[in-house]
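I have placed the structure first, in the form of structure tokens, so that the comments after it can refer back to it.
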Amino acid sequence: MRVFKFGGASVKDADGVKNVASVLQKVGYKNVLIVVSAMGKTTNALEVVIKNYFDNKPELQSAIQEVKKYHNQILIDLFEDELHPIYKKIATFFEELNAFCKTNKSPDYNFVYDQIIGFGELISSTILSDYLNDNGLKNNWVDVREQIKTDNYYRRANVNWEETQRLITSNFNSSVLNITQGFLGSDPNNFTTTLGREGSDYTAAIYAYCLNADSVTIWKDVPGVLNADPRYFENAQLLNQISYREAIELAFYGASVIHPKTLQPLQGKEIPLYVKSFLNPEAPGTRIGKNSTLDPMVPCFIVKKNQVLISLSSLDFSYIVEENISEIFNLLHLYKMKVDVIQNSAISFSVCVDNIYNNLDKLLHHLKAKFKVTCHENVSLYTIRHYNQASINQIEAGKTVLLKQLTQETVQVVSK
């Protein structure tokens, strides 16, 4: 069993869907499970739907129509017969989306987010499945929500591994090509949950773990794992191989190629992960596995934009000790802040966070009751693994450095 994950860029239009069929013909599709993301920028478009649902009801239908129009064009390009069953299937999904928007009573943003956002993956996987069936690649469409069970921590749900293992092993037909959705699961009440942005990689790893897969391949529009994001850094280099440990470090610091949760289940069963190009599927790409040294040994750059740097100091010049730090972390947890860097001295404490849930104002209000607070928004966090002085000079050039932290293998710089 091999698990293939195709991201949004690989199925962004009709040509992309056709290329997935071409990739499968070239690399084989026997005993393969495909995990597919929403098409192109559909997730972003559905986030506009969600925003309008809460803040601008008159524009809600217009936003939904934009999503529908985008997918209808792909349908027209792929399926010439206007009576093809796929048109009814996709129309049904939009009927369900509209029905939810009309009947939902919950004011919980995170709950609503998960119920709406998942339509992207449901639609993309259905289109891909029908296209492959029509072109000789017979397959079985699987609703991932019936197999991956989670808690109800919406937008970043935690997997119930025991129940998920039971459902996958008892309901999975590995003798045929299977297609399912990334990113999604369901809670004990069968409401849709999501595993966090870029969670489709994690979905592939969950299935690989439960099915004891031979490998996982993530198909990207880049040749493999690069030592830097080419959108922000020039002359990015392909990494031929890296170890699980190194990949987990890169993922932890925010490398966009691999989801932070993806590698743990693969490492547990020593399942190799390949990152390859869907534009050149027969190229070797990058292999991530046990005891694979970094090849080539070069600095690896990661940047996270739109971060928040919060600096605290005691009001009376007393030490910031364990009791204070414990309280600070309790507040960070309460307001769902993702912590990326911490630094403290005797009377100060700084933390760089990702304000995913937009709770910054509430957090700052709480902190100001006990601390002197300085806050820098829209800062960038740069991380370099295996740094040298030249690489540090490169990321500091022309910037105001607000925080800098060095360890033996890693340097992190927060700058404006």
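Residue numbers count from 1 along this sequence. Below, each value reflects all heavy atoms present in this structure, side chains not excepted, and no hydrogens, waters or symmetry copies.
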Between T410 (side chain only) and L406 (backbone N and O only), is there a donor and an acceptor less than 3.5 Å apart? no

Would a distance-only check, ignoring hydrogens and angles, find a side-chain to backbone donor-acceptor pair under 3.5 Å from T164 to N160? yes

V341/V351 under side-chain contact (heavy atoms from CB on, under 4.5 Å): CA gap, chis, key distance, verdict: CA-CA 6 Å; V341 182; V351 58; over 6 Å; no

Between the main-chain N or O of N359 and the side-chain N or O of N355, is there a donor-acceptor pair closer than 3.5 Å? yes

Do Y53 and N104 have side-chain N/O donor and acceptor atoms under 3.5 Å apart? yes

If you measure from CD on E59 to NZ on K51, what distance do you get to the nearest 0.5 Å? 11.0 Å

For the residue pair I288 and Y274, establish whether any side-chain heavy-atom pair is separated by less than 4.5 Å. no

Between D316 and S318, is any side-chain donor less than 3.5 angstrom from a side-chain acceptor? yes

Salt bridge (charged side-chain N to carboxylate O under 4.0 Å, His left out) pairs, two or more places apart, involving residues 162-183: E163-R166

Please check if atom CD in E322 has more than 12 non-hydrogen atoms from other residues, nucleotides or ligands closer than 6.0 Å. no

With distance as the sole test, does T169 use its side chain to make a donor-acceptor pair with the main-chain N or O of Q165 at under 3.5 Å? yes

Would you please say whether a donor-acceptor pair under 3.5 Å links the side chains of N212 and K269? yes

Value for CG (L122) from OG1 (T92), rounded to nearest 0.5 Å, stands at 12.0 Å

Salt-bridge criterion met for K89 and D130 (N-O under 4.0 Å): yes

For S391 and N388, which I'm curious about, is there any donor-acceptor pair between the side chains at under 3.5 Å? yes

Which word best sums up how the rings of Y382 and F233 line up, parallel for under 30°, tilted for 30 to 60°, or perpendicular for over 60°? perpendicular

Does K336 make a cation-pi contact with Y153, if we ask for NZ or CZ under 6.0 Å from the ring centre and within 45° of the axis? yes

Which pairs, with at least one residue in residues 270-287 and sequence neighbours excluded, count as a salt bridge (charged side-chain N to carboxylate O under 4.0 Å, His left out)? E270-K290

Step by step, would you call Y387 with E409 a side-chain hydrogen bond (donor to acceptor under 3.5 Å, both in side chains)? CA-CA 7 Å; Y387 63 89; E409 294 284 353; over 6 Å; no

L263 and Q267: CA distance, side-chain angles, deciding distance, side-chain contact (heavy atoms from CB on, under 4.5 Å) verdict: CA-CA 6 Å; L263 294 158; Q267 183 183 30; 5.7 Å; no

Under the 6.0 Å and 45° cation-pi test, does K362 pair with Y335? no

V413 and K399: side-chain contact (heavy atoms from CB on, under 4.5 Å), yes or no, with the steps? CA-CA 10 Å; V413 175; K399 303 180 183 71; over 6 Å; no

Give the table of side-chain donor-acceptor pairs shorter than 3.5 Å for residues 177-187, with sequence neighbours excluded, one pair per line with atom names and distance.
unit_1	atom_1	unit_2	atom_2	d
N178	OD1	N140	ND2	3.0
N178	ND2	N173	O	2.8
N178	ND2	V176	O	2.9
T180	OG1	V142	O	2.9
T180	OG1	V144	N	3.4
Q181	OE1	V144	N	2.8
Q181	NE2	S125	OG	3.1
Q181	NE2	V142	O	2.9
S186	OG	R145	O	2.7
S186	OG	K149	NZ	2.7
D187	OD1	N189	N	2.9
D187	OD1	N190	N	3.0
D187	OD1	F191	N	2.9
D187	OD2	Y154	OH	2.6

Which word best sums up how the rings of F54 and Y109 line up, parallel for under 30°, tilted for 30 to 60°, or perpendicular for over 60°? tilted

Between N31 and S175, what is the shortest heavy-atom contact and its length? OD1-CA, 4.0 Å

d(S124 OG, M39 CE) to nearest 0.5 Å is 5.5 Å

Taking all non-hydrogen atoms of both residues into account, name the closest pair between T43 and I117 and its distance. O-CD1, 3.5 Å

A quick test of your reading: do over 12 heavy atoms of other residues, nucleotides or ligands sit less than 6.0 Å from OH of Y209? no

Please set out all donor-acceptor pairs under 3.5 angstrom arising from side-chain atoms of residues 5-19, sequence neighbours excluded.
unit_1	atom_1	unit_2	atom_2	d
K5	NZ	D201	OD1	3.0
S10	OG	G7	N	3.4
S10	OG	G7	O	2.6
D13	OD1	D15	N	3.3
D13	OD1	G16	N	2.8
N19	ND2	F278	O	2.9

Minimal non-hydrogen separation, P281 against L279, with atom names: CD-C, 3.6 Å

Row check, Y253 ring normal vs R385 NZ/CZ: under 6.0 Å, within 45°: no

In this structure, OG1 of T193 is separated from CD1 of I148 (nearest 0.5 Å) by 9.0 Å

Would you sort out whether Q61 and N98 count as a side-chain hydrogen bond (donor to acceptor under 3.5 Å, both in side chains), showing the intermediate values? CA-CA 8 Å; Q61 281 304 313; N98 275 303; 2.7 Å; yes

Donor-acceptor pairs are to be reported for all side-chain atoms of residues 291-304 against protein atoms at under 3.5 Å, with residues two or more places apart or in another chain.
unit_1	atom_1	unit_2	atom_2	d
D295	OD2	N240	ND2	3.4
K304	NZ	D340	OD1	3.0
K304	NZ	D340	OD2	3.4

Crowding at NZ, K41 (>12 non-hydrogen neighbours, <6.0 Å): no

Any chance NZ of K57 has more than 12 other-residue heavy atoms, nucleotides or ligands included, within less than 6.0 Å? yes

Atom OG in S311, atom CG in N344: separation rounded to 0.5 Å? 11.5 Å

Please determine, by modelled atom types, if T194 and D114 share a side-chain donor-acceptor pair under 3.5 angstrom. yes

For a side-chain hydrogen bond (donor to acceptor under 3.5 Å, both in side chains) check, start with the C-alpha distance between S415 and T400, then their side-chain angles and the critical distance, and finish with the verdict. CA-CA 5 Å; S415 67; T400 301; over 6 Å; no

Any side-chain donor near an acceptor of the partner, T383 and Q412, under 3.5 Å: yes

From CZ (F119) to CD (E121), nearest 0.5 Å: 11.5 Å

Under a plain distance cut-off of 3.5 Å, with no hydrogens placed, do S313 and S348 share a side-chain donor-acceptor pair? no

Intermediate values then yes/no, side-chain contact (heavy atoms from CB on, under 4.5 Å), F4 and V36: CA-CA 8 Å; F4 291 171; V36 65; over 6 Å; no

Between E327 and H366, is the side-chain hydrogen bond (donor to acceptor under 3.5 Å, both in side chains) condition met? List the steps. CA-CA 11 Å; E327 181 178 4; H366 211 140; 5.6 Å; no

Taken in chain and number order and not counting sequence neighbours, the residues that satisfy side chain to side chain contact (heavy atoms under 4.5 Å, CB included) with Y319 are V321, A346, I347

